[in-house]
**Student:** 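Sharing a structure, written as structure tokens. Questions coming.
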Amino acid sequence: EALDAICSVFPLDFFEEKQAVYMGPQEGVEMPPAGVEVVSLMKEVIMKNCGGDATIDKMGRFSFYEEAKSCFAVIQCLERRPYGNVILWKGCVGPDGLDLKP
């Protein structure tokens with residue numbers, strides 16, 4: 001619910017290679033079923049709000065932690081499923097009121 005609310009008013013940066021990354025397990029570790037479920041829902045919410053052409057990549061756990069250190073804001077909610085973490089790259093609103101795209 002939190003991601004849905006954020007994505008409804010937060011434009012993504014389509015001038016970057018990717019618009020979002022989610023945390024995945026480190027190499028050699030399988031994502032648990034609850035993690036697969038939360039990532040699927042996360043992608044669905046981003047696509048619904050920001051267009052079906054958004055690029056959402058997986059980032060290894062430790063790389064994700066390093067990237068998160070440079071984030072402008074961190075929002076904590078009550079999500080308890082593993083790997084329910086996402087980084088969004090903020091973009092601009094275009095003249096049509098949607099995410100500005102090249």
Side-chain angles (χ1 to χ4, degrees):
E1 292 175 15
L3 183 60
D4 196 23
I6 291 165
C7 286
S8 72
V9 295
F10 188 87
L12 296 183
D13 191 348
F14 282 88
F15 290 88
E16 292 292 328
E17 183 179 323
K18 57 189 170 252
Q19 290 69 54
V21 293
Y22 63 92
M23 183 173 66
Q26 64 268 27
E27 193 70 34
V29 176
E30 190 174 327
M31 185 170 293
V36 172
E37 176 186 20
V38 75
V39 167
S40 176
L41 291 170
M42 182 187 310
K43 288 179 177 180
E44 184 180 307
V45 165
I46 292 171
M47 293 298 185
K48 176 186 85 168
N49 286 287
C50 304
D53 54 346
T55 300
I56 307 162
D57 288 339
K58 178 176 79 170
M59 184 177 279
R61 187 173 125 213
F62 298 111
S63 297
F64 188 93
Y65 293 152
E66 284 302 311
E67 186 71 33
K69 289 178 183 179
S70 66
C71 289
F72 175 77
V74 175
I75 299 169
Q76 183 177 353
C77 63
L78 297 176
E79 180 59 64
R80 301 294 296 162
R81 291 173 286 192
Y83 302 102
N85 306 303
V86 63
I87 296 174
L88 305 172
W89 275 265
K90 186 194 173 301
C92 298
V93 176
D96 58 359
L98 302 175
D99 295 0
L100 185 63
K101 297 180 181 179

**Student:** Considering all heavy atoms of both residues, which atom of Cys50 and which atom of Phe14 are nearest to each other, and what is their separation?
**Tutor:**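 Taking every non-hydrogen atom into account, O-CZ, 3.3 Å.
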
**Student:** Could you check whether any side-chain heavy atom of Asp53 comes within less than 4.5 Å of a side-chain heavy atom of Lys101, counting everything from C-beta outward?
**Tutor:**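 They are in contact (side-chain heavy atoms under 4.5 Å apart), so the answer is yes.
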
**Student:** Linking I/L/V/M/F/W/Y whenever their side-chain heavy atoms sit closer than 4.5 Å, directly or via other members, would Val93 and Leu12 fall into one cluster?
**Tutor:**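 They do not share one cluster, since no chain of ILVMFWY contacts under 4.5 Å joins Val93 to Leu12.
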
**Student:** How close do Ile87 and Ala68 get, heavy atom to heavy atom, and via which atoms?
**Tutor:**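 Of all heavy-atom pairs spanning Ile87 and Ala68, the closest is CD1-N, 4.0 Å.
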
**Student:** Kindly indicate whether the side chain of Leu41, heavy atoms from C-beta on, has any atom under 4.5 Å from the side chain of Arg81.
**Tutor:**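 Counting from C-beta outward, Leu41 and Arg81 do come under 4.5 Å.
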
**Student:** Nearest 0.5 Å, what's the CG-OG distance between Leu3 and Ser8?
**Tutor:**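 OG of Ser8 is found 10.0 Å from CG of Leu3.
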
**Student:** Quick check on side chain to side chain contact (heavy atoms under 4.5 Å, CB included): which of Asp57, Leu88, Asn85 does Val21 satisfy it with?
**Tutor:**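 Testing Val21 for a side chain to side chain contact (heavy atoms under 4.5 Å, CB included) against Asp57, Leu88, Asn85 leaves exactly one candidate, Asp57.
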
**Student:** Please tell me whether Phe10 and Phe15 are part of a single hydrophobic cluster in this structure, the criterion being side-chain heavy atoms less than 4.5 Å apart.
**Tutor:**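 In one cluster: no.
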
**Student:** Answer with yes or no whether the hydrophobic clustering places Phe62 together with Val74; edges join I, L, V, M, F, W, Y residues whose side-chain heavy atoms lie under 4.5 Å apart.
**Tutor:**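 In one cluster with Phe62: Val74, no.
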
**Student:** Do Pro11 and Leu98 come close enough that some side-chain heavy atom pair is under 4.5 Å?
**Tutor:**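 No, too far: nothing below the 4.5 Å cut-off.
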
**Student:** Heavy-atom count check: over 12 atoms from other residues, nucleotides or ligands less than 6.0 Å from Gln26 CD?
**Tutor:**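 Result for CD/Gln26: enclosed.
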
**Student:** Do you know the tightest heavy-atom contact between Val38 and Pro82?
**Tutor:**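 Looking at all heavy atoms of both residues, the shortest contact is CG1-O, 3.4 Å.
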
**Student:** For the CD atom of Glu37 and the CE atom of Met31, what is their distance to the nearest 0.5 Å?
**Tutor:**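 Result: 12.0 Å between the selected atoms.
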
**Student:** Please report the interatomic distance CG(Asp4) to CD1(Ile46), rounded to the nearest 0.5 Å.
**Tutor:**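 Between Asp4 CG and Ile46 CD1, I get 10.5 Å after rounding to 0.5 Å.
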
**Student:** Contact between Pro32 and Tyr83 at the side-chain level, heavy atoms closer than 4.5 Å - yes or no?
**Tutor:**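 Yes, their side chains come closer than 4.5 Å.
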
**Student:** Working to the nearest 0.5 angstrom, can you tell me the gap between Met59 CE and Tyr22 OH?
**Tutor:**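 The OH atom of Tyr22 is 11.5 Å from CE of Met59, to the nearest 0.5 Å.
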
**Student:** What's the separation between atom CD in Glu1 and atom CD1 in Ile6, rounded to the nearest 0.5 Å?
**Tutor:**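 Reported value, rounded in 0.5 Å steps: 12.0 Å.
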
**Student:** Test of understanding: with salt bridge (charged side-chain N to carboxylate O under 4.0 Å, His left out), list the residues that count as partners of Glu67, not counting sequence neighbours.
**Tutor:**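 Per chain and number, Glu67 pairs via salt bridge (charged side-chain N to carboxylate O under 4.0 Å, His left out) with no residue.
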
**Student:** Let me confirm one number: the CD-CG distance from Gln19 to Asp99, rounded to the nearest 0.5 Å.
**Tutor:**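 Here the interatomic distance stands at 8.5 Å.
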
**Student:** Would you find a donor on one side and an acceptor on the other, under 3.5 Å apart, between the side chain of Glu16 and the backbone of Lys18?
**Tutor:**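 No: the side chain of Glu16 does not pair with the backbone of Lys18.
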
